[in-house]
Amino acid sequence: MPWTKVYVDKSEFEKAAQLQKEGLRGLTFREALKEATAQMMEKDDRVFVMGEGVDDPGGIFGSTQGLHKKFGKERVMDLPIAENGMTGVAIGAAMAGMRPIFVHMRMDFLPMCMDQIVNHAAKWCYMTGGRTNVPLVIRSIIGKGWGSAAQHSQALQALFMHIPGLKVVMPSTPYDVKGLMVSSIQDGNPVMFIEHRWLYEQIGHVPEEIYTVPIGKGIVRKQGKDVTVVAVSNMVYEAMKAVQPLEAEGIDVEVIDPRTIKPLDEDLIIESVKKTGRLVIVDIGWKTCGVSAEIAAVVAEKAFKYLKAPVKRVTLPDVPTPNSPVLEDAYYFDYKRIVSSVKEMFREV
Amino acid sequence: MPWTKVYVDKSEFEKAAQLQKEGLRGLTFREALKEATAQMMEKDDRVFVMGEGVDDPGGIFGSTQGLHKKFGKERVMDLPIAENGMTGVAIGAAMAGMRPIFVHMRMDFLPMCMDQIVNHAAKWCYMTGGRTNVPLVIRSIIGKGWGSAAQHSQALQALFMHIPGLKVVMPSTPYDVKGLMVSSIQDGNPVMFIEHRWLYEQIGHVPEEIYTVPIGKGIVRKQGKDVTVVAVSNMVYEAMKAVQPLEAEGIDVEVIDPRTIKPLDEDLIIESVKKTGRLVIVDIGWKTCGVSAEIAAVVAEKAFKYLKAPVKRVTLPDVPTPNSPVLEDAYYFDYKRIVSSVKEMFREV
Amino acid sequence: MVKNKKLIKTAVKKSVRLVRTQADSPRRATKKGINSIPAKTLKGLYETILRIRRFEEKIIEVYPAQDMKTPVHLCIGEEAIAAAVCIHLRKDDYIFSTHRSHGHSIAKGSDMKRMMAEFYGRKTGCSKGKGGSMHLCDPENGILGSTAIVGGGIPIAVGAGLASLMKGTDTVSVAFFGDGAMDEGTFHESMNFASLKKLPVIFLCENNFYATNSPQSARQPHDNIAMRAAGYGMPGVQVDGNDVVAVYEAAKEAVDRARAGGGPSLVECRTYRWKGHVGPDCDVEKGCRPRDEHEMWLKKCPVERTRKLLLENKIMSEKEMEKLLDNINKEMDEAVEFGRSSPFPDASELFDDVYYKG
Amino acid sequence: MVKNKKLIKTAVKKSVRLVRTQADSPRRATKKGINSIPAKTLKGLYETILRIRRFEEKIIEVYPAQDMKTPVHLCIGEEAIAAAVCIHLRKDDYIFSTHRSHGHSIAKGSDMKRMMAEFYGRKTGCSKGKGGSMHLCDPENGILGSTAIVGGGIPIAVGAGLASLMKGTDTVSVAFFGDGAMDEGTFHESMNFASLKKLPVIFLCENNFYATNSPQSARQPHDNIAMRAAGYGMPGVQVDGNDVVAVYEAAKEAVDRARAGGGPSLVECRTYRWKGHVGPDCDVEKGCRPRDEHEMWLKKCPVERTRKLLLENKIMSEKEMEKLLDNINKEMDEAVEFGRSSPFPDASELFDDVYYKG
Ligand SMILES: Cc1ncc(C[n+]2csc(CCOP(=O)(O)OP(=O)(O)O)c2C)c(N)n1
Ligand SMILES: Cc1ncc(C[n+]2csc(CCOP(=O)(O)OP(=O)(O)O)c2C)c(N)n1
Ligand SMILES: [Mg+2]
Ligand SMILES: [Mg+2]
C-alpha cells in the first residue's frame with residue numbers, strides 16, 4: 001500500500017513522481033505537516049499555532065510558512081522567548097477549550113519547559129480525576145550537523161517517554177506525519193510531536209483529505225525473517241538503506257518503525273522478534289536510559305525465550321554533541337553502522 | 001566489614017548499638033549526611049550550601065539543621081523560589097571557584113531547572129573542551145505517601161541518568177551517604193545526589209573522619225547464587241527483607257546496590273548475572289525508559305548468554321502518583337512484591 | 001570617579017522611594033467604600049469569610065484522627081481575599097490556585113462535601129480521590145484545577161485568559177499566587193505576555209511575607225510586589241488584604257477592567273498566615289517566625305474585622321451572625337460526614353485517567 | 001462602574017509615561033564625555049571596534065568556502081558596546097556571553113587565532129574544537145564559557161558575581177544578553193537575586209529590537225528594557241549603543257559601582273544587527289525587517305561614528321587609522337591561516353571532556 005512506503009533517496013523520489021501519474025500524490029514531509037496543520041485549522045476554530053518565529057518568512061523550516069497570512073497572526077502566533085511560561089499558557093488555553101500546537105525550532109529548548117510539560121500537562125488529567133484534559137500538541141525539531149554542537153542538536157525523546165501522561169510520536173514519512181498530526185490534534189492529551197530536520201525533504205504519497213494515523217501503532221516497513229531492526233524517526237531510512245547490503249550477505253532484515261514511542265507498540269515488536277529471534281534497535285538519541293533501553297528491556301522481559309542472540313543498541317554515544325566536523329563524523333552514524341552491527345551479531349553467534 | 005552492612009529494621013538498630021560498644025559508631029543517614037556536609041565546609045572554604053529553607057528550623061528534614069548557626073547564613077543560604085535561575089547561579093559560582101551544594105526538598109522541583117542542569121551544567125566542561133568544570137552537587141529528596149500526590153512524590157532519576165556529563169548517585173546507607181557526599185563535593189563534575197526521605201532514619205556504622213566512597217562503584221549487599229536482585233536507594237532495604245522469605249523457598253538471592261546509577265557499575269552486575277543467570281531490577285521510579293530499563297538492556301546486550309530466564313523489572317507503574325491511600329497502596333510496593341516477582345520467575349522456567 | 005553619579009543616584013533613590021511609599025501605605029478601603037457596596041453583598045462576603053474560616057478549623061479538628069491523609073495548607077488569616085475577589089466572578093470565570101487553595105475554591109462556590117471527600121481520598125472527591133488537597137478542581141465552576149508547583153499556575157491562568165480572548169467571550173481569569181511565586185520566572189513570563197496581549201487576567205498576589213519559612217526579605221530586595229507591575233506596563237495596586245472592602249474595591253477595578261478588554265492588572269493583597277506552612281499546627285513555637293509579629297497579625301483577624309464592620313454599619317445583627325455560624329457549622333459537619341462515609345476508589349482505578357479517553 | 005478609576009488610570013498613565021520618556025531619549029554621551037576620556041583609551045576603543053568589525057567581515061569573506069562548519073552569529077553594527085564595556089574590565093573580571101559572542105570575546109582580549117581555530121573545528125581552538133562559534137571560552141581571561149540557550153548565561157554570570165563576593169575579591173561579572181533574553185524567566189530570577197544580595201554584576205542588554213526575526217513588539221508590551229530595573233530596586237539606564245562614549249560612561253558607572261560594593265545595574269544599549277540572525281547574509285531581502293529601518297541604522301555605523309569622533313577631536317589621524325587597519329587586517333589573515341592550518345582533533349577525542357578528570 002502506498003502509504004506504508006518509504007522512499008529512501010532521489011531515485012525513489014523520481015519513481016514517486018512516476019507514481020503521481022498513477023494517481024498518487026507526492027508531497028514532502030514538510031508540506032504534509034503544513035497541510036495537516038492548515039486543514040485542521042480550517043476545520044476546527046479551536047486549533048491554533050504558537051511558537052517563536054512561526055510567522056517568520058522562513059516559517060519553521062517551511063512547516064508553518066505563510067500560515068499567518070491565511071489565518072492571521074492571532075492564530076499563528078509569534079511568542080516571547082519564554083518556553084516555560086508559554087507552555088503554561090498553552091496548557092491553560094487548551095484546558096479552556098482551545099487546541100494549541102506549540103512549535104519549537106529545536107528540541108534543545110524543551111528542558112526550559114520541562115516543568116510545565118512534566119509537572120502540569122502530563123499530570124493534569126490524572127490530578128483532576130479525568131475531569132479536565134489538556135489537548136496540546138508540542139512540536140519540536142531535532143537538528144544535526146554543521147557544528148550545531150551541544151545545545152542545538154539534542155534528541156531528547158527518552159525524557160518524555162519516561163513520563164506517564166504524555167504521548168510521544170516520531171513520524172518518519174510524509175503520510176505518517178500528516179496522519180499523526182491530525183490524530184495528535186484530536187487526541188485530547190498532551191502529545192510530544194518530534195520531527196527530525198532531515199526528514200523534511202522526504203517525499204511520499206499523501207492523500208489530500210484529512211485522515212488519521214493511529215497513535216500507538218507501529219508499522220513493518222519491510223518484512224524479513226532473520227533479524228528485527230526497530231528504527232525511529234529518520235533512522236527508518238537508514239535501516240531501509242541497510243536492507244540491501246545485508247541481503248547481499250544473506251541476511252533478511254525486518255524493519256519496524258514504531259512511529260509512536262509512547263505508547264509503544266510492544267506487540268508488533270515482540271511478534272517480530274518471535275519470528276526473527278534477533279533484535280537491533282536504532283535510535284537517534286543517547287544510549288543510557290534511552291528509547292533503545294526500553295525496547296531492549298521489553299524484549300528481554302517478554303520475548304526472552306525467542307531471542308537467539310544478545311540484543312544490540314545502535315545509538316549516539318553518551319557524549320554531548322561536539323562541534324568539529326571530525327568529531328561529528330565520529331558521533332553520528334548512518335546505515336553503515338546498522339549493517340556492521342547486524343553482521344557482527346551474526347558473526348558472534 | 002561494617003561499612004557494607006545494611007541494617008534493615010529496629011532489631012538491627014539495637015544490634016548496631018551493641019556494635020557501638022565494640023568500637024563502631026552508629027549514625028543515622030540524616031546525621032551522616034549532615035556530618036559530611038559540615039566536615040567538608042570546615043575543611044574547604046569553597047564549600048557552601050544553598051537551597052530553599054536550608055536555614056529553616058526544620059533544616060531539610062534535619063539534614064542541614066543548625067548548619068547556618070555554625071557557618072553563617074552566607075554559607076548556608078536560603079534562596080528565592082527560582083530553581084532554574086538559582087541553578088545557573090550555582091553553576092556560575094562553581095565555575096568561578098566555589099563548591100556549592102544545592103538542596104531541593106523534593107525532586108519534583110527539578111524539572112524547573114532542567115535547562116540549567118541539562119543544557120548547562122552537564123555540557124559546560126565538554127563545550128569548553130575541558131578548560132572549565134562545574135563542581136556542583138545537586139541534592140534532591142524523593143518523598144512518598146500521605147497523599148503527596150502527583151507533584152510531590154516523583155523519583156525522576158532516569159531523566160538525569162540519560163544525560164551525558166552528569167553523575168547520579170543514590171546512596172542507601174549512612175556509611176555510603178557520607179562517603180558519597182564527600183566524593184561528590186570533591187568530584188569536580190555536576191553530581192545529582194538523590195536521597196529517599198525514608199532512608200533518613202536508617203542507622204549504620206559511620207566513621208568520624210572524612211572518607212570517600214567511590215562514585216561509579218556498586219556493592220554486593222548479600223551474596224547469593226540463584227538470582228541477582230539489583231535494587232536502588234531505599235529498595236535496597238526491601239530487597240534485603242526479601243532475602244529470608246526467598247531463602248525459605250530455597251532461593252538464594254544476591255543483592256546488588258549500585259549506589260551510583262551514572263556511571264553505572266555494569267561489571268558488577270554482569271559478573272553477578274554470569275553467576276546467577278537471573279536478574280530482577282527494583283527501582284523506585286517509573287518503568288518505561290527508567291533505571292530498570294537501562295540495567296535490563298545492559299544485561300540483554302552483554303550477559304545474554306548467561307541468562308536463564310527473562311529479566312524482570314519491579315518498578316512503579318507508569319502512572320502519576322495518586323492521592324488516595326487506597327490508590328497509594330496499589331501504586332507503591334515493598335519487599336513482598338520482590339518476593340513474589342522472584343518466585344514467579346522460578347515458577348515460569 | 002563615576003561621572004554621572006548624580007543621575008544614577010537619583011535613579012536608585014527614586015526606586016527606593018517608590019518602594020517605601022507604597023510599602024508603608026497599602027491602599028485601604030475608600031471612605032465611601034462600605035456605603036457603595038450593597039448590604040447583601042457585604043453579608044455574602046462575611047458569610048464566605050466565615051465559611052472558609054470554619055472549613056479550615058474543621059480540618060484542624062479532624063486532622064489528629066489521621067484518616068485525612070493529605071497535606072493541608074490552611075489559609076486562616078487570609079480569608080478576606082478569596083471572598084472579596086471571587087464575589088466579582090461569574091461561574092464561567094476562571095480561577096487558578098496553588099497548594100493553598102481551600103479558600104479560593106470555597107469562595108468560587110465549590111461543593112465542600114466533594115472537597116472534604118477529596119481530602120479523605122474518596123471516589124466522590126472533586127478529583128475522584130486522585131488529587132488530594134493540593135489539586136482541587138471544579139470545572140463546571142471555572143476551577144480547571146490547582147497546582148502545587150510554586151508559580152506553576154500563573155501562566156496557566158494566562159492561557160485561560162488567552163482562550164477567552166480567542167473564543168470571543170468576556171470571561172476573566174484570576175491567578176492566585178503567593179509572594180513566593182513572585183520569585184519564579186513564570187511570574188515574569190506571564191506578566192509580560194498578559195500585558196503584551198492585553199489579556200483578561202488578574203494577577204492576584206497574596207503576600208503573606210513568607211514562603212514556607214523563608215521571609216520575603218531572604219528572597220526579594222524589597223517587599224513591594226505591586227510596584228513590579230510598572231515594568232510590564234501594567235497597573236499594579238497594593239491593598240491591605242485583611243480589609244475586605246479594600247480588596248473588594250481593588251478586585252472590582254481589576255475584574256471590570258479585564259472584562260471590558262482593558263487588559264491585566266496586578267493586585268497585591270498584604271496578609272498573614274496564622275498556621276504553619278502545612279498542617280494544622282502553628283509554627284511560631286518552632287521559631288519559624290517572631291512571636292510578636294504573629295500576635296500583631298492575630299489582631300488584624302479578617303473575620304473579626306468584617307464582623308465588626310457589619311455590626312457597626314448595622315448590616316447584620318449579632319443574632320443573624322450566630323444563626324449564620326450555626327448553619328455553617330452544620331455544613332461543615334455534613335461535609336466531613338460525607339467525606340468520611342464515602343467509598344474509597346477501587347484499587348484498579350489507579351490506572352484510569354492517565355490519559356483522557358475522549 | 002469602577003470606583004477608583006482615577007487611581008488606576010494614574011497608575012497606568014504613569015507607567016506609560018515612564019516608558020515614553022525613557023524610550024524617546026536614550027542617554028547619549030555627556031558633553032564633557034569625550035574630553036574626560038584619555039586619548040589612549042579612545043584609541044583603544046576605536047581599535048577594538050575596528051577589530052571586531054574586521055573579524056566579522058573576515059568570516060563573511062571565508063564562509064562561502066564551506067570549510068568553517070559552525071553557525072556564525074555576527075555582531076556587525078553592534079561593536080561599540082563590547083568595546084566600551086570591556087575596556088572597564090580587568091583580566092580577572094568575568095563576562096558571560098551568548099550565541100552572539102565574537103565581539104565580546106575579542107573586546108575582553110581573547111586570542112583571535114584560537115577563536116578562528118575553534119570555528120574551523122580544530123584542536124587548537126579555544127574550546128579544542130568541541131564548542132564551535134557559540135561556545136567560546138578563555139578562562140584565563142575571565143571568559144568561562146558562552147551559552148547559546150537564550151537567557152541561560154544571565155544567572156551564571158550572577159553566580160560568578162556571588163563567587164566574587166564569597167571569595168572576598170573585587171572582581172565584577174558582566175552578563176551580556178539580548179532583548180530576546182529579557183523575555184525569559186531567568187532574567188527575572190537573576191535580577192531579583194543579584195539585587196537581593198547586592199552582587200557585583202552588570203546586566204548588559206544589547207537591545208537590537210529583534211530576537212531572530214521576532215520584533216520586540218511581538219514579544220514585549222513596550223520597548224524600554226532599562227525601566228524594568230526599578231521593579232527590582234536596581235538602577236537602570238538606557239543608552240545609545242552605537243555611541244561609544246555614551247556606552248563607555250554608562251558602563252563605567254555600572255562597573256565602578258559593582259566593584260565598590262554598590263551592587264548590580266541594568267544597562268540597556270540600543271543598537272541594531274546589520275546581518276541576518278545567523279550566517280553571513282543580510283536578511284532584509286527575505287522580508288525579515290523593513291528596508292528603511294535597516295538603512296536608517298546603517299547610517300549610525302559605530303565604526304564610522306567613532307572614527308569621525310576621533311578625527312574631529314584629533315585623537316587619531318587618518319594615517320594612523322590606515323596603519324591600524326592594515327595591522328588588523330594582518331591579524332585577521334593570520335588568525336584564519338592559523339585556524340585553517342591547525343590540526344583537527346583525533347576522532348577518539350570525542351570521548352574526552354565529558355567529565356572533568358581533575
Ligand atoms: C517549584 C517549587 N519549588 C518549591 C516548592 C516548595 N514549596 C511549596 S509551597 C512553598 C512556598 C510558597 O510560598 P508562597 O508562594 O508565598 O505561598 P504561601 O505558602 O505563602 O501561601 C514552597 C517553597 C514548590 N512547591 N514548588
Ligand atoms: C531557550 C532558547 N529558546 C530559543 C532559542 C533560539 N534562539 C536563538 S537566538 C534567539 C534570539 C535571541 O535574541 P536576542 O536575545 O535579542 O539576541 P540577538 O540574537 O538579537 O543578539 C533565539 C530565539 C534559543 N537559543 N534558546
Ligand atoms: Mg507566601
Ligand atoms: Mg536581539
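Numbered from 1 within each chain, the chains take letters A, B, ... in sequence-line order. Worth saying up front: this structure is predicted, and the values here are computed from it rather than measured.
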- Proximal component of Ser127(D), with respect to chain A [non-hydrogen, under 4.5 Å]: neither
- Select one option (side chain, backbone, both, neither) describing which atoms of Asp346(D) are under 4.5 Å from chain A's heavy atoms. backbone
- Note on the structure: For Ala218(D) and Asp78(A), the nearest pair of non-hydrogen atoms, with its separation, is CB-OD2, 3.7 Å
- Item | Atom group of Asp56(A) that falls short of 4.5 Å from chain D, counting heavy atoms | side chain
- Residues, nucleotides or ligands: over 12 heavy atoms within 6.0 Å of Lys69(D) NZ: no
- Task: Could you look at Met112(A) and say if it's the side chain, the backbone, both or neither that has a heavy atom under 4.5 Å from chain D?
- Result: side chain
- Query: Considering only heavy atoms, which portion of Glu118(D) lies under 4.5 Å from any heavy atom of chain A: side chain, backbone, both, or neither?
  - Reply: both
- Item | Approximate separation, where rounding is to 0.5 Å, of Leu79(A) CG and Arg219(D) CZ | 11.0 Å
- Item | Gln220(D) versus chain A, the contacting section by heavy-atom distance below 4.5 Å | neither
- Interface moiety of Asp318(A) toward chain D, non-hydrogen atoms closer than 4.5 Å: backbone
- Query: Based on non-hydrogen pairs under 4.5 Å, which of Gly287(D), Pro345(D), Ala211(D) is most in contact with chain A?
  - Reply: Pro345(D)
- Task: Please flag which part of Ile81(A) lies under 4.5 Å from any non-hydrogen atom of chain D: side chain, backbone, both or neither.
- Result: both
- Could you look at Glu83(A) and say if it's the side chain, the backbone, both or neither that has a heavy atom under 4.5 Å from chain D? both
- Do the side chain of Ser324(A) and the main chain of Gly129(D) share a donor and acceptor less than 3.5 angstrom apart? no
- Message: Determine whether a donor-acceptor pair (N or O, by modelled atom type, separation under 3.5 Å) exists between the side chain of Asn323(A) and the backbone of Lys130(D).
- Response: no
- Roughly how far, to the nearest 0.5 Å, is the CG atom of Asp183(D) from the CD atom of Glu52(A)? 8.0 Å
- Query: Heavy-atom distance under 4.5 Å to chain A: side chain of Met68(D), backbone, both or neither?
  - Reply: backbone
- Shortest non-hydrogen pair, Ala149(A) vs His135(D), comes out as CB-CD2, 3.9 Å
- Trp146(A) and Pro71(D) have their tightest heavy-atom pair at O-CD, 3.2 Å
- Option that, when pairs with chain A are counted at under 4.5 Å, heavy atom only, ranks first among Ala148(D), Ala181(D), Ser133(D): Ala148(D)
- Message: Could you check whether any side-chain heavy atom of Pro317(A) comes within less than 4.5 Å of a side-chain heavy atom of Leu350(D), counting everything from C-beta outward?
- Response: yes
- Task: Measure the spacing between NE2 of His99(D) and CD of Gln151(A) and express it to the nearest 0.5 Å.
- Result: 11.5 Å
- Taking every heavy-atom pair that is under 4.5 Å apart, which of Gly125(D), Gly180(D), Gly152(D) has the most such pairs with chain A? Gly180(D)
